[in-house]
Every structure is written in structure tokens, then in C-alpha cells.
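Step one of this worksheet: look at the structure below.
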Amino acid sequence: MNGVAASRRSPRRRAALQGGVALVLLGAVLAGSALLPESAQTVDAVARALPPQPGHILGTDLLGRDIAARTLAALAQSLQVGLLAAGCSTMVAVLLGLAATFGRAADHVVGALTELALGLPHFVLLIMIAFAAGGGTTGVIVAVALTHWPRLARVLRHEAQGIAASDYVAISRALGRSRGWIARHHLVPHLVPQIVAGFIVIFPHAILHEAGLSFIGLGIEPHLPSVGVMLADSLREIMAGNWWVGAAPGLGLMLVALAFERFGEALRRTTSPAGGVA
Amino acid sequence: MTGWLVPLLAGRLVRLAWLLPVAAVGLFALISLAPIDPVQAYVGGRTSQIGPEQRAAIAAVWGLDLPAPERFASWLGQLLRGDLGQSISYNAPVAQVIAARLPASLALIGTAFVASFVLGALLGLVAGATRGQWPDRLIRTVAVVLAASPGFWVAILLVSVFAVGLGWLPSCCAMPPGRLASEVTLAERWHHMVLPVVTLSVVGIAPLVLHTRQSLIAFLDSPAAGHLAAHGASPLRLAFGPGLRHAVGVALTLHLAGAGELFGGSVLAEAVFAWPGLGQATVRAATGADEPLLMGIGLATLIFVFAGNLLADIAARLADPRLRGQA
């Protein structure tokens, strides 16, 4: 009954543990790619399409590039783009969530925007916005930022409206404070835990969707190493039986996404232990 | 029994009546923002053969020489007459491109919808009935790992194992290449559908499994289930007996509401398997700056998501009469 014992561990300790795993993984990828020697990513005509072996632990691709080194560099690229995009999306959610407390009209506008953003399939909207922003790395960041906010905005709106209805906010307003001042000094400090948790939930989605956009050629430019581009390149190579070219980048991305998804889930359970799905 | 259906449909129609025009304006504005010149995207590498006069002529044919408000007015006018415009990359009316490619996508999405529902509900019920034991933990782990995997990577793995490694299944296209559609047998079509459908079914299965498991657990903890258990019913028998009724309504509602996401997944699955559906057309429209087609696909998928949500609302009310009071 090991599983039952683990699930009875205090939610806080669980969240701290999952968070530690996720952050160590993130740090290892970023530090590893920064320490990567320049020579590790060069083309080597002699070592083409080698299966995993000593010297090239994850093999090489058709151009003789080491898969392990390239995966590390690609992951670092994808994670940086994902961090930036998830950060921007969190900002959008905070702004819209707070805007919903600025009167009825503003609340309706935010509601209509949410309805629109959820009205198209997620990935189709991502494609449209990436296209509208001109594609490339900028396109991905804008697209992810403008599509991942609705859930967090909804949570923040609910919380913010609760706080805005409280007595001390009414007193503050009676003292002549502006809505912006109240939002900054009374609402935001209360919302920090939700904002942080929201960012951690958005992040794995951001990196998965970035990879998807890069895979179909609307994301990170093909000359930069990124997981989506590596997997798109691997499509041709796996037909020749070089399965290792496609396995490693996806596995790396999956592990990072999994670590952060579990971190987000553990964090969520510290605030609502009963309302979990597990 | 249909006393609740009419107000629900009326309410949803009102919503569609404001959502569609707002979405049309939003999509047009969004796509007009694109810094990509469609003429340049069309000309591509043939710059030396196509001079400035021809470019101006192409722009005039596509109506790109007009200012944006005028273009929008003419697009809207066309739209009201049921004309979605002319696709640049397929050189055919947008409605025709969508109509030609929709069946292939719907076949994929429809099969995956049923397959993932059956599989997801089944796994959720087994997990709920064996709560805390190894089948439960295994199923939950697989579901969470799949949720964190890029869907197209799962597709690539399936191709390398079942198409390249074992050679059991074809890795591409909707039918064997180099043959007329009329010569292809039904068995061959099904054979080509296996890998795309499996990909599309498993990648989005996690919420379904976890919610089915959760609602079964809620049932198993109820006094009714306790009573049945006291008479000797095992959790598995409860799960596939009364628990099934209890959990499946919620699961179907959730699954219908998420049907729109299957379309998003099919964009990537179609890209991996070169499946000739609407997802492939979406990618081609975006990479080829085919603005009319992109807007047409946007509106079509909006209606698709809307229909999924409406069916989810109806399913929820059929499963739970208490909801029928709400519009």
C-alpha cells in the first residue's frame, strides 16, 4: 500500500518535492545547454546516422550531428520560449482578471473575449495568431500568450471580485483611491499564490504547443535547434529505420512537461485537497 | 420531456447569432494584421519569372489593392451570400476546398471520438474500481504521461514501431499511393486509418479517464453503493453495473465538450500521416498565406466547437434531470 501512504503525505511537502524535481530538471537543461561545447553540435560527415553507442549515447542524425547535444540545445531553446510565452500569458490573464472588477461593461467584454478564445479549437487559434504575428519565434510567443489565459483569468476574476466586494476595499474606495490603485495594492497581493500556480499550470501547455507549431513550420525558425523542428526533421529519418532521431527530443520534452504538470497538480491540491481528480 | 430543450436551443442560437459576426470581424482583423504578403508567399521562389506588373495584377485579382475596410465589406457581403471566397493555395472556392476535405477529417475525428470514449470510460471505470491498487496506479500513470506527451511525437513513435519496425501498418496517406480512389477497398481504407485514429484517440484521453474514475469513486462512496456492496457486489461489478450509468453521463458530456480539441489534434496527426483532410489544409493555408481559406476554416471550426458544446449541454441534461431547470 505504498501508493496510499504517498498520497497521504502532506500536500505541502508533496508540492515542494514535485517543485524541486521540476526546477532541478529545468535548471539542468538550461545549464547543460549553456555548458555545451561548440563542437558538440557540428556536422560530422563520418559519423552519419549512427545508432546509440559509446561516444554518441543517443546516436547521430543523417548530417552526423550528435542527438544528445542537439536535444539538449533544442530543449533549452524550447524552454526559454515556453517560459517567456507562459509569462506573457499569465500577464494577460492577470490584466483581464483584474479588468473584470472594473465595472459591469468591462466584465462583459472580458466574458466575450473568453468566449471567443474558447470558441475555436485551441490549436487552430494558435495557428491563426502565429500566422497573424508573422510566424517565427515571435509568432509562437504571441500565439501562446494570447491563447492560454482563459482558465487562469477566470480563476483570478472570481477571486478578485470576491476581494473587491469586501469592506476594506469599499473603505479604500470611499477614501478616494482609484480602481488602478486598489487593484495594485489590495487585489494583486492577495492573488500572488494563484498567479504563481497559474503560471506553473500554463508552462507545460506552452512548451507542448510551441513544439506543435514549430513542428508544422509556423514556429521557431528551422535553423535554430528546437524540439518541434527536430521532430519534423526526424519524420524522414525514421522511415529509414533511424528511430533514435525522433525518440530523444520528444522524450525530453515529455519529461519536462510531466514534471511541471505534476508540480502544478500538487500545488493545486495544497489549496483544494478535496477537489482533485485523483 | 422536451420542455427544457426548446429554451436551451433558443439560448444557444442567440449566442451563436452574436458569436459568429464578432468572430468574423475578429478573424478578419487578426488575419489582416499578418505582415506576410500573400502575393510574395504565392510567388515564392519564382521571383525572377514574375515581374512587378504581374504582381500588381495578382493583387488586383485577389482584391488586395483595396483598403482593408472595403475588403472587409466585400468579404462580409460574399459571406452573407454563402460565398467564402477563393482559396489561393488550392485555386478553388474555399467552400469547395472545405467540403472536399471535411469527410476525410470527420472520418478520422468521428472514429477517434468513439474509440477514445470507449477506451477512456473503460480505463476510468477499471481505475475507479481498483482504487489505490496497481491497475489504478498504472492507468493513472499512463494517462498523465500521455497528457504530457506532444501528440505528434506519439504519432512518430507509433510510425517507427508499427510501420517501420514491424511493418504491420501503413505510415502515410488515406489510401495506397498511386491508385484511383475507386480501386481502393474498404479494408485498405480502414488499414490506413488505424495509426492516425490511435494517435488521435490516446493523446487527449487523460481528462476522460480521470473524470470517469472520479465520478465512479463518488458513486462507490455513496450509501447506495455501500448497500449493494453489503449484499456482496464487488467493486468491478458495481463499476460496470450501476456505476456505469452514474459515470457515463458525465464522461459523455466532458467528451462532447472536448470534441473541438480533437480537431486541433487532427491538424498535427494529419501532418504526420499526410492525411488529406482539413487539418492539412489548415497548415497549408497558414504557411501559404492563404487568407480566405484560413478565415473559412476558422468559421467552420467555430461552428464545429459550438455544435460539440451544444451536444454536451444536451447530454448533460439527459443524464442529469436536475440541470434541466437552467437555460
Side-chain angles (χ1 to χ4, degrees), chain A residues 1-4 7 112-113 115-116 118-135 204 207-209 211-212 215-218 227-228 231-232 234-235 238-247 249-251 253-262 265 276-278, chain B residues 15 18-19 22-23 26-27 30-36 132-134 136-137 140 144-145 147-154 156-157 159-161 163-165 171 207 210-211 213-214 260-265 267-268 271-272 282-283 285-287 289 291 294-295 297-298 301-302 304-306:
Chain A
M1 293 320 261
N2 199 7
V4 174
S7 65
L113 278 177
E115 195 103 342
L116 271 182
L118 297 176
L120 286 180
H122 208 69
F123 201 68
V124 173
L125 189 63
L126 270 167
I127 290 175
M128 303 255 170
I129 297 179
F131 169 76
I207 56 174
L208 291 178
H209 283 129
F215 179 71
I216 59 171
L218 278 171
V227 175
L231 287 175
S234 81
L235 262 186
I238 56 167
M239 293 304 167
N242 306 346
W243 53 270
W244 57 88
V245 181
L251 189 67
L253 192 69
M254 189 262 270
L255 287 176
V256 178
L258 188 63
F260 275 89
E261 212 140 279
R262 297 196 53 154
E265 176 64 22
V277 284
Chain B
R15 186 187 295 183
W18 72 258
L19 197 58
V22 172
L27 278 177
L30 187 65
I31 285 173
S32 313
L33 282 176
I36 300 160
Q133 291 162 330
W134 67 264
D136 176 32
R137 272 185 279 151
R140 257 166 45 206
V144 172
V145 167
S149 309
F152 57 97
W153 178 62
V154 175
I156 288 174
L157 290 186
V159 166
S160 33
V161 174
V164 182
S171 65
L210 296 178
H211 273 91
R213 172 180 179 276
Q214 197 58 26
E261 290 317 308
L262 275 178
F263 186 86
V267 173
L268 288 167
V272 175
T282 312
V283 174
T287 46
E291 299 177 351
L294 212 49
M295 285 188 279
I297 290 174
T301 53
L302 181 86
F304 186 73
V305 172
F306 180 84

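The sequence lines fix the lettering, A, B, ..., with proteins before strands; numbering per chain opens at 1.
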Less than 4.5 Å to any heavy atom of chain B: does that hold for the side chain of [X], its backbone, both, or neither?
X        : result
A:Ala133 : backbone
A:Ile129 : both
A:Ala112 : both
A:Leu251 : both
A:Leu235 : side chain

Using a 3.5 Å distance criterion without hydrogens, assess whether the side chain of A:Glu115 forms a donor-acceptor pair with backbone atoms of B:Leu19.
no
Side chain of B:Trp153, backbone of A:Gly246: donor and acceptor closer than 3.5 Å?
yes
Side chain, backbone, both or neither of B:Trp134 within contact of chain A (heavy atoms, under 4.5 Å):
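Contact with chain A: none, neither part.
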Tell me, side chain or backbone of B:Leu262 under 4.5 Å from chain A's heavy atoms, or both, or neither?
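For B:Leu262, no heavy atom lies under 4.5 Å from chain A.
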[X] versus [Y], closest heavy-atom pair with distance:
X        : Y        : answer
B:Ala148 : A:Leu208 : O-CD2, 3.5 Å
B:Thr287 : A:Gly217 : CG2-O, 4.4 Å
B:Gly260 : A:Pro121 : O-CB, 3.3 Å
B:Pro150 : A:Gly250 : CD-O, 4.4 Å
B:Ser149 : A:Met254 : OG-CG, 3.3 Å

Nearest-0.5 Å distance that lies between atom [atom1] in [X] and atom [atom2] in [Y]:
X        : Y        : atom1 : atom2 : answer
A:Leu125 : B:Leu30  : CG    : CG    : 7.5 Å
B:Ile297 : A:Ile127 : CD1   : CD1   : 8.5 Å
B:Leu27  : A:Met128 : CG    : CE    : 5.5 Å
A:Ile216 : B:Thr282 : CD1   : OG1   : 8.5 Å
A:Leu120 : B:Thr301 : CG    : OG1   : 4.5 Å

With a 4.5 Å cut-off on side-chain heavy atoms, are [Y] and [X] touching?
X        : Y        : value
A:Val124 : B:Phe263 : yes
A:Leu258 : B:Val145 : yes
A:Phe123 : B:Glu261 : no

Which one of B:Ala147, B:Ala286, B:Gly298 has the most heavy-atom pairs closer than 4.5 Å to chain A?
B:Ala286
If you tally heavy-atom pairs under 4.5 Å against chain B, which of A:Ile207, A:Val227, A:Leu218 wins?
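Max contact count across the listed options: A:Leu218.
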Let's test your reading of the structure: which of A:Gly212, A:Ala130, A:Ala232, A:Pro249 forms the most heavy-atom pairs below 4.5 Å with chain B?
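Counting heavy-atom pairs under 4.5 Å, the top option is A:Gly212.
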Residues in ring pair (Phe, Tyr, Trp, His ring centres under 6.0 Å) contact with A:Phe215, at least two apart in sequence or another chain
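Per chain and number, A:Phe215 pairs via ring pair (Phe, Tyr, Trp, His ring centres under 6.0 Å) with B:Phe152.
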